[in-house]
Amino acid sequence: MAVAARALTLPAVVEELLSEMAAAARDGAPIPDEHLLSLKFVFGSSAVQALDLVDRHSVTLISSPSGRRVYQVLGSSGRTYVCLASCHYCSCPAFAFSVLRKGDSLLCKHLLAVYLSQVMRTCQQLSVSDKQLTDVLLMEKTQEAS
């Protein structure tokens, strides 16, 4: 999924930063230090945690024949979270509290890891049937209820 093709947009500064990082990654160059410092400035400690998740290849894009796509991120706690990049959503408690309820963060570390793994092209890919994708989403809903 291209950075510029998101249905809902992040603040312009974040979109620009991710676009510049994607351009650097396309050229095969390492991400410039100033981009990493900008990430840290905008996202605080979540940036370092998200980069760690990317380094550990914790992000998987799950796609189905119908074209549906969700991301699973294996969090540092060992729990798996579902992220929907098209609407900037993560199923983790930090997203619900810090992003939705308090509004003091733009993204949680899991969703940032999704965007960074797209930029760095390190996202693992898994193709499943529509039924299997539904089961992934239902399993997440069951975990949230318990």
Side-chain angles (χ1 to χ4, degrees), residues 1-130 132-134 136-137 139-141 143-144:
M1 178 176 193
V3 173
R6 294 200 180 106
L8 299 174
T9 60
L10 291 169
V13 67
V14 176
E15 289 286 348
E16 181 65 25
L17 177 58
L18 291 173
S19 292
E20 289 177 11
M21 291 175 74
R26 270 193 301 276
D27 295 338
I31 303 298
D33 287 344
E34 62 265 14
H35 290 33
L36 296 174
L37 289 170
S38 296
L39 266 181
K40 177 84 165 94
F41 179 78
V42 173
F43 294 104
S45 63
S46 291
V48 174
Q49 295 168 344
L51 286 165
D52 182 53
L53 291 171
V54 172
D55 285 346
R56 290 190 287 136
H57 299 282
S58 297
V59 179
T60 303
L61 168 61
I62 303 174
S63 56
S64 69
S66 65
R68 290 179 176 84
R69 301 159 48 107
V70 300
Y71 291 86
Q72 274 191 333
V73 179
L74 179 60
S76 51
S77 67
R79 182 155 181 212
T80 302
Y81 299 102
V82 171
C83 295
L84 305 174
S86 61
C87 61
H88 310 301
Y89 171 80
C90 180
S91 63
C92 76
F95 182 84
F97 185 73
S98 296
V99 177
L100 297 178
R101 186 168 183 183
K102 286 180 62 182
D104 61 2
S105 297
L106 292 171
L107 304 169
C108 66
K109 65 182 178 183
H110 309 109
L111 201 48
L112 182 55
V114 166
Y115 297 140
L116 292 173
S117 71
Q118 290 173 337
V119 162
M120 297 174 176
R121 298 181 177 156
T122 60
C123 189
Q124 299 182 68
Q125 305 221 0
L126 178 64
S127 294
V128 299
S129 69
D130 288 319
Q132 289 171 311
L133 184 57
T134 300
V136 166
L137 295 172
M139 181 172 49
E140 180 63 31
K141 191 68 177 164
Q143 285 181 354
E144 286 177 3

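- A donor-acceptor pair under 3.5 Å is absent between the side-chain atoms of Glu16 and the main chain of Val13, judged by distance alone.
- The CG atom of Leu39 sits 11.5 Å away from the CD atom of Glu34 when rounded to the nearest 0.5 Å.
- The two residues Val114 and Ala85 make their nearest non-hydrogen contact at CG1-CB, 4.2 Å.
- Rounded to the nearest 0.5 Å, atoms OG (Ser76) and CZ (Arg56) are 6.0 Å apart.
- A side-chain N or O of Gln118 and one of Tyr71 form a donor-acceptor pair less than 3.5 Å apart.
- Looking at Ser58, its side chain never comes within 3.5 Å of a backbone N or O of Val54 through a donor-acceptor pair.
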Q. Does the side chain to side chain contact (heavy atoms under 4.5 Å, CB included) test come out yes or no for Val48 and Lys40, once each step is laid out?
A. CA-CA 7 Å; Val48 174; Lys40 177 84 165 94; 3.9 Å; yes

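- Evaluation of the side chain to side chain contact (heavy atoms under 4.5 Å, CB included) rule for Asp33 yields Leu36 as partners, not counting sequence neighbours.
- Atom CG in Leu61 sits 8.0 Å away from atom OG in Ser127 (nearest 0.5 Å).
- Atoms OH and SG, on Tyr115 and Cys123 in that order, are 12.5 Å from each other to the nearest 0.5 Å.
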* Stepwise side chain to side chain contact (heavy atoms under 4.5 Å, CB included) test for Ile62 and Thr60 -> CA-CA 6 Å; Ile62 303 174; Thr60 303; 4.2 Å; yes

- Query: Do Val73 and Leu53 pass the side chain to side chain contact (heavy atoms under 4.5 Å, CB included) test, and can you show the C-alpha distance, the side-chain angles, and the key distance before you say yes or no?
  - Reply: CA-CA 8 Å; Val73 179; Leu53 291 171; 4.1 Å; yes

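- Across all non-hydrogen atoms, the minimal contact from Met21 to Leu116 is CE-CD2, 3.7 Å.
- Val119 and Ala25 get closest at one heavy-atom pair: O-CB, 3.2 Å.
- Arg68 and Leu133 make their closest contact through CB-CD2, 3.5 Å (heavy atoms, listed as atom of the first residue, atom of the second, distance).
- The minimum heavy-atom distance linking Val136 with Gln72 is given by the pair CG1-NE2, 3.4 Å.
- Using modelled atom types, one side-chain atom of Ser129 and one backbone atom of Gln132 make a donor-acceptor pair closer than 3.5 Å.
- Taken to the nearest 0.5 Å, the OG atom of Ser98 stands 5.0 Å off from the CG atom of Asp104.
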task = Determine, stepwise, if the pair Ser77 / Arg79 fulfils side chain to side chain donor-acceptor pair (under 3.5 Å).
result = CA-CA 6 Å; Ser77 67; Arg79 182 155 181 212; over 6 Å; no

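- Once rounded to the nearest 0.5 Å, the distance linking CG of Leu111 with SG of Cys83 reads 5.0 Å.
- The two atoms that bring Asp130 and Ser64 nearest to each other are OD1-OG, 2.7 Å, heavy atoms only.
- Below 30°, between 30° and 60°, or above 60°: for His110 and Tyr81 the angle between ring planes is between 30° and 60°, a tilted geometry.
- Residues Val42 and Leu106 meet the side-chain proximity criterion, which asks for heavy atoms closer than 4.5 Å.
- The main-chain N or O of Val82 is found under 3.5 Å from a side-chain atom of Ser91 such that the two form a donor-acceptor pair.
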